[in-house]
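The analysis underlying the following values was restricted to heavy atoms, covering all of them including side chains, and did not include hydrogens, waters or symmetry mates. Small disclaimer: the values here were computed from a predicted structure and weren't measured. A, B, ... follow the sequence lines: proteins, then strands. Residue 1 opens every chain.
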2 protein chains.
Amino acid sequence: MRARTRETLQDRIIALIHERRLAPGALMPTEPQLMDLLGASRNSVREAIRALQALGIVEIRHGFGTFVGHAPLDVLSPSLTFRVRTRPGHGVRALHDLVAVREILETGLIGSVARDISEARLAALDALVTAMERDKEADRAFHSLLYESCNNELVLQLIGLFWDVYHEVEPALGPPEDRASDIVANHRRIVEALRNRDGSGAQEAMRLHFRDVKARIARAERWLDEAGQQPA
Amino acid sequence: MRARTRETLQDRIIALIHERRLAPGALMPTEPQLMDLLGASRNSVREAIRALQALGIVEIRHGFGTFVGHAPLDVLSPSLTFRVRTRPGHGVRALHDLVAVREILETGLIGSVARDISEARLAALDALVTAMERDKEADRAFHSLLYESCNNELVLQLIGLFWDVYHEVEPALGPPEDRASDIVANHRRIVEALRNRDGSGAQEAMRLHFRDVKARIARAERWLDEAGQQPA
DNA sequence: CGGCATTTGTCCGTATGTATA
DNA sequence: ATATACATACGGACAAATGCC
């Protein structure tokens, strides 16, 4: 009976947030208050809050208080990274799946972007492409800026999440072999197609970009297989 | 300093899983063992494990043990649902974003499905469409079965996740107004296009399906605005 | 079926670190 | 600099669930 209560303790806290109409950023009741409201001990409350924190539903600020969170998607980053790393075969398969999803999303979005992108944004994209050779973060900013005009927060966070996970496990794929100039050229092709308001051209350029990414993964699969023969 | 240790405690447990090459389903060290390995108290260990459980990285079975988890995407379901519910304006905007992502994913995938779908699978889809009038779950099964041939576990879980979140919040949208026959007709059109190996036709049918879903959300937005005038 | 060991669940009390005022 | 409020951490104890003999 207590077990059922404990399992729904997180849900009861969530329900409490909804009942009180607490918006993201609002201050949560303190732990003693929650102990009283939920009829649970400090430890149980703390464990429930920890779980909610891991999901981004609450945010804890040390020595200050607990706040309602915005539940951003990047809370999934550890989980997705773990997922890729624990799949058999070094998770190359899982990584391929992840890149495939990125490709579907981005090729599906780029079409509508081509219709109404501003000159200012195109210039900003140009700047990011040139910065891409030195700064890896420019690549992330590029893919984010690209879809900002969609006014879809979920899409932006999804793409950011997948980018983060990929580039976190990417070093484990072995030596790059990719010339940075090729990556830059792929991205420049995308911008050029957008400048010409060529939606299908932009889609094709995006597919070329991901073709190279997937080729890197395929090479890594062979590389890891060979390395796997010899114990590390 | 202790605070930093605590924040990395989850990471240290994850690192421990990787070092020991523990695969999903494997038995984790017990809490006393983790206390010893990590040099932390039981409460700290438990809180870290709770957070990992919320992310699907470990699974806890009361009275038995803790196991390495599979980190399925549906751990995000509470977070995404919360996100939609706490957005201002009853989260209709967030729900629209979610459906938009579903549309991009499914229209992007359906093209490749049309090329190599088997007759057996088409028959199964037919059966699900007819079952759709009575059983809501048939709709979920339909969209899952549709993309099974992609061999992309991540895609399947993503689509399932979005379906779950949408249908969990959907009742709050007010009276349906949708004739179930329309939904069935939309799905039947998709299957017919697939049977004809018509990829772009299937894409168009999928877009029609989501056009109706988005129309329902738009109606709900007006409905909730009117209802919002009068305090509930 | 019952009893036993193991493991997780809950709770209490207390001490410490941290941020705000 | 002090005080307060809060989160963080620790240790010990008992309850509940599970698997096994």
Side-chain angles (χ1 to χ4, degrees), chain A residues 1-17 20 22-71 75 78, chain B residues 1-17 20 22-71 75 78:
Chain A
M1 182 158 149
R2 279 275 164 65
R4 266 191 66 258
T5 304
R6 202 271 325 154
E7 197 160 349
T8 59
L9 199 50
Q10 308 174 18
D11 298 330
R12 291 214 283 154
I13 295 179
I14 292 178
L16 183 132
I17 294 175
R20 300 194 172 188
L22 296 181
L27 185 62
M28 291 274 298
T30 66
E31 287 179 355
Q33 287 172 333
L34 283 177
M35 291 168 59
D36 193 33
L37 287 168
L38 305 173
S41 77
R42 189 179 212 108
N43 247 330
S44 302
V45 169
R46 283 182 58 76
E47 288 179 12
I49 287 184
R50 272 257 184 277
L52 294 179
Q53 182 195 27
L55 295 173
I57 291 177
V58 304
E59 286 174 9
I60 304 176
R61 274 194 263 172
H62 203 114
F64 189 21
T66 305
F67 299 81
V68 180
H70 296 264
V75 298
Chain B
M1 181 157 144
R2 281 273 165 65
R4 267 192 67 256
T5 302
R6 201 273 325 154
E7 195 160 349
T8 59
L9 200 50
Q10 309 173 18
D11 298 330
R12 292 214 282 154
I13 295 178
I14 292 178
L16 183 129
I17 295 175
R20 298 192 172 187
L22 296 181
L27 186 62
M28 291 272 299
T30 67
E31 289 177 355
Q33 286 172 333
L34 284 178
M35 291 168 57
D36 194 32
L37 287 168
L38 305 174
S41 76
R42 188 156 117 98
N43 274 335
S44 302
V45 168
R46 282 184 57 78
E47 287 180 13
I49 287 182
R50 273 262 185 273
L52 294 179
Q53 183 196 28
L55 295 173
I57 292 177
V58 303
E59 286 173 10
I60 306 177
R61 273 190 266 174
H62 191 167
F64 190 24
T66 305
F67 300 81
V68 180
H70 296 264
V75 298

Colleague: Check each of B:V58, B:I17, B:L27, B:L52 against B:V68 using the side-chain contact (heavy atoms from CB on, under 4.5 Å) test, and report the only one that passes.
Modeller: B:I17
Colleague: Does a nitrogen or oxygen in the side chain of A:T66 sit under 4.0 Å from OP1 or OP2 of D:dA7?
Modeller: yes
Colleague: Mind checking the CG-CD spacing from A:L55 to A:Q10? Nearest 0.5 Å is all I need.
Modeller: 7.0 Å
Colleague: How many whole angstroms separate atom CD1 of A:I60 from atom P of D:dA9?
Modeller: 10 Å
Colleague: Separation of B:R42 atom CZ from C:dT8 atom C1', in whole Å?
Modeller: 7 Å
Colleague: To the nearest 0.5 Å, tell me how far A:R50 CZ sits from B:N43 CG.
Modeller: 10.5 Å
Colleague: Where along residues 22-37 of chain B does a heavy atom fall under 4.0 Å from DNA chain C?
Modeller: B:T30, B:E31
Colleague: Find the distance B:L38:CG to D:dC10:P and express it as a whole number of Å.
Modeller: 11 Å
Colleague: Between C:dG9, D:dC10, C:dC11, spot the one nearest the side chain of A:S41, thanks.
Modeller: C:dC11
Colleague: Can you measure from OG (A:S41) to CD (A:E47) and round to the nearest 0.5 angstrom?
Modeller: 8.0 Å
Colleague: Among all residues two or more places apart in sequence or in another chain, which pass the side chain to side chain contact (heavy atoms under 4.5 Å, CB included) test with A:P29?
Modeller: A:L16, A:R20, A:Q33, A:L34, A:L37
Colleague: Between P on C:dT16 and NE2 on A:H62, what's the gap in Å once rounded to a whole number?
Modeller: 15 Å
Colleague: Please report the shortest heavy-atom distance between B:M28 and B:F67, naming the atom on each side.
Modeller: CG-C, 3.7 Å
Colleague: Let's see if you can work this out: which of C:dG9, C:dC12, C:dT20 has an atom nearest to the side-chain heavy atoms of B:R50?
Modeller: C:dG9
Colleague: Which is more 5' along DNA chain D, the nucleotide nearest A:F64 or the one nearest B:R61? Just name the residue.
Modeller: A:F64
Colleague: What pairs with A:E59 under side-chain hydrogen bond (donor to acceptor under 3.5 Å, both in side chains), at least two apart in sequence or on another chain?
Modeller: none
Colleague: Ignoring hydrogens and angles, does a donor from either the side chain of B:N43 or the base of D:dG11 sit under 3.5 Å from an acceptor on the other?
Modeller: yes
Colleague: In whole angstroms, how far is the C1' atom of C:dT8 from the CD atom of B:E47?
Modeller: 15 Å
Colleague: For A:F67 and D:dC6, what is the distance between atoms CZ and C1' respectively, to the nearest whole Å?
Modeller: 11 Å
Colleague: Between C:dT8 atom C1' and A:L9 atom CG, what is the distance in whole Å?
Modeller: 16 Å
